[in-house]
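Within every chain, numbering begins at 1; the chains are lettered A, B, ... in the order of the sequence lines, protein sequences first and strands thereafter.
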There are 2 protein chains.
Amino acid sequence: MEGEKLSRREREKRWQRQEMLAAAIELFSEKGYHNVSMNEIAKKAEFAIGTLYKFFKNKEDLYRSIIAELSGKFHQAINEVLEGRGDEIEKLRNYVKAKAAIFMDNVSIVRLYFAETRGASCNIKAGLDLEIREKHERHLQDIALIFESGMNNQRFQRIAEPYHLAVSIDSLSNAFLHLWLEAPDQHPYPEDPDVILNILFKGLLDPGES
Amino acid sequence: MEGEKLSRREREKRWQRQEMLAAAIELFSEKGYHNVSMNEIAKKAEFAIGTLYKFFKNKEDLYRSIIAELSGKFHQAINEVLEGRGDEIEKLRNYVKAKAAIFMDNVSIVRLYFAETRGASCNIKAGLDLEIREKHERHLQDIALIFESGMNNQRFQRIAEPYHLAVSIDSLSNAFLHLWLEAPDQHPYPEDPDVILNILFKGLLDPGES
DNA sequence: TCATTATATGAATCATGCGTCATTTTTTGT
DNA sequence: ACAAAAAATGACGCATGATTCATATAATGA
């Protein structure tokens with residue numbers, strides 16, 4: 001999609017930018033936006049502050065670049081799965097799988113992403129915030145469609161609004177990934193999507209009760 | 001439990017303290033810890049900064065007091081429900097109900113609480129953070145026991161580890177409350193605990209499929 | 001009422017950290 | 001090898017905001 005005409009200099013710039021982003025990601029996810037100074041980031045990345053400011057207009061811009069990049073990757077990966085082939089069950093399983101894969105590959109950024117999609121975040125002046133919410137919302141809609149379609153196929157029972165089910169599967173996968181984040185060894189589960197799916201799929205109550 | 005010997009002065013102090021906490025809660029939950037200044041809080045509470053510092057050692061101490069107070073109320077309310085009377089289903093329903101009630105009564109603090117239990121929070125130097133995690137963990141254990149007991153009674157099927165189900169019900173209720181927070185009018189649901197419980201209780205798949 | 005003590009006040013102090021820019025270093029072209 | 005251009009550097013200026021403390025105000029009680 002992109003022209004491959006990159007001068008040596010340009011490749012170097014790209015590399016430097018990545019180095020800076022990597023340092024910033026690590027620090028932000030560890031200590032939170034407000035508890036990291038530009039100096040600290042520059043030092044960690046082994047550049048002078050001035051250089052940092054050559055690449056990013058200001059601290060907020062740097063932060064946004066990080067979130068935008070992650071959000072891009074994330075959104076794209078999820079999209080591929082949701083638009084891919086397979087019946088409803090497969091799609092949901094793939095969704096859970098894909099999410100886990102991305103998260104495990106980007107552990108440090110994930111904390112930031114959680115903070116953005118969940119909590120009051122640390123309130124980067126909205127803007128990006130909104131963009132992420134929107135992408136997230138769109139995912140939920142797409143997932144809701146899968147549930148809807150499954151219901152129309154008689155493959156699923158209408159135990160709840162499709163949108164609510166979408167919220168549920170999203171929230172459950174987050175919760176389990178969170179569990180894994182805190183103690184990766186004690187929870188080998190998220191790698192197995194069925195642990196999560198079963199909770200939605202199999203009825204808890206013994207069939208035959210209220 | 002407490003002696004009722006409160007001088008007029010002491011009652012006034014308590015009142016002032018509450019005023020300050022209320023102002024701080026509102027501001028923190030609205031703008032986030034780092035985007036609120038002590039001056040701002042003092043002004044909103046209609047006290048001089050110096051007075052604020054008479055009551056709270058520093059900004060962090062103020063913040064912790066807020067979280068500690070909420071966490072106390074919250075924990076206690078949930079505990080009452082979990083230790084109360086009723087069969088497993090009733091208890092779970094009461095849990096979901098109680099959580100919703102507390103949340104709806106404390107909308108502004110809730111955002112803070114979410115930020116604490118969820119995301120990387122804004123990293124108030126741990127300490128309290130840990131305490132909250134522990135309380136939360138204890139709740140999950142208690143809820144897991146309810147599921148366990150329900151399984152032993154043949155009331156529930158063992159569709160997943162009890163602890164995982166506890167994580168699930170917690171995460172689902174959070175998700176739905178979050179939904180409600182963002183658009184209270186569009187989601188009258190969380191008040192009805194069964195919307196959430198059904199998702200766990202009723203199997204999604206048509207009985208008779210894989 | 002007036003002295004004494006307790007309390008409240010907010011201007012001043014001090015620390016932190018963002019972002020600039022004059023200077024130094026490196027690269028490029030002749 | 002040298003000069004001009006590009007890039008990198010990091011000490012410094014400045015704003016913000018946390019915390020202090022000398023002073024003003026209010027409560028107490030003789």
Q: Give one of base, sugar-phosphate or nothing for E12(B), where a contact means two heavy atoms less than 4.0 Å apart.
A: nothing
Q: Atom CZ of F56(A) and atom P of dA8(D): how far apart are they, to the nearest Å?
A: 13 Å
Q: Under 4.0 Å, counting only non-hydrogen atoms across every strand here, what does Q16(B) touch: a base, just sugar-phosphate, or nothing?
A: sugar-phosphate
Q: The criterion is side chain to side chain contact (heavy atoms under 4.5 Å, CB included); which residues satisfy it with K59(B), sequence neighbours excluded?
A: F28(B), Y33(B), M38(B)
Q: Which residue pairs pass the ring pair (Phe, Tyr, Trp, His ring centres under 6.0 Å) test when at least one of the two sits in residues 66-87 of chain A, sequence neighbours left out?
A: F74(A)-F103(A), F74(A)-Y113(A), H75(A)-H139(A)
Q: Determine the minimum heavy-atom distance between L140(A) and Y163(A), stating which atoms define it.
A: CD1-OH, 3.6 Å
Q: How long is the line joining CD of E46(A) and P of dT9(D), in whole Å?
A: 11 Å
Q: Whole angstroms only, please: what is the NZ-P distance between K43(A) and dG17(C)?
A: 12 Å
Q: Just how far, in rounded Å, is C1' of dC18(C) from CG of L27(A)?
A: 16 Å
Q: Just to verify, what does E134(A) make a side chain to side chain donor-acceptor pair (under 3.5 Å) with, not counting sequence neighbours?
A: none
Q: Rounding to an integer number of Å, can you tell me how far E19(A) CD sits from dA8(D) C1'?
A: 16 Å
Q: Restricting to ring pair (Phe, Tyr, Trp, His ring centres under 6.0 Å), what partner residues turn up for Y95(A), sequence neighbours left out?
A: none
Q: For nucleotides 11-28 of chain D, read 5' to 3', which letter fits each nucleotide if B means a protein heavy atom sits under 4.0 Å from the base, S means only the sugar-phosphate is that close, and - means neither?
A: ------SSBB--------
Q: To the nearest Å, how far apart are L52(A) CG and dT9(D) C1'?
A: 12 Å
Q: Tell me, please, which residues at least two apart from E19(A) pass side chain to side chain donor-acceptor pair (under 3.5 Å).
A: none
Q: When the distance from CG of D61(A) to C1' of dC18(C) is rounded to whole Å, what number comes out?
A: 14 Å
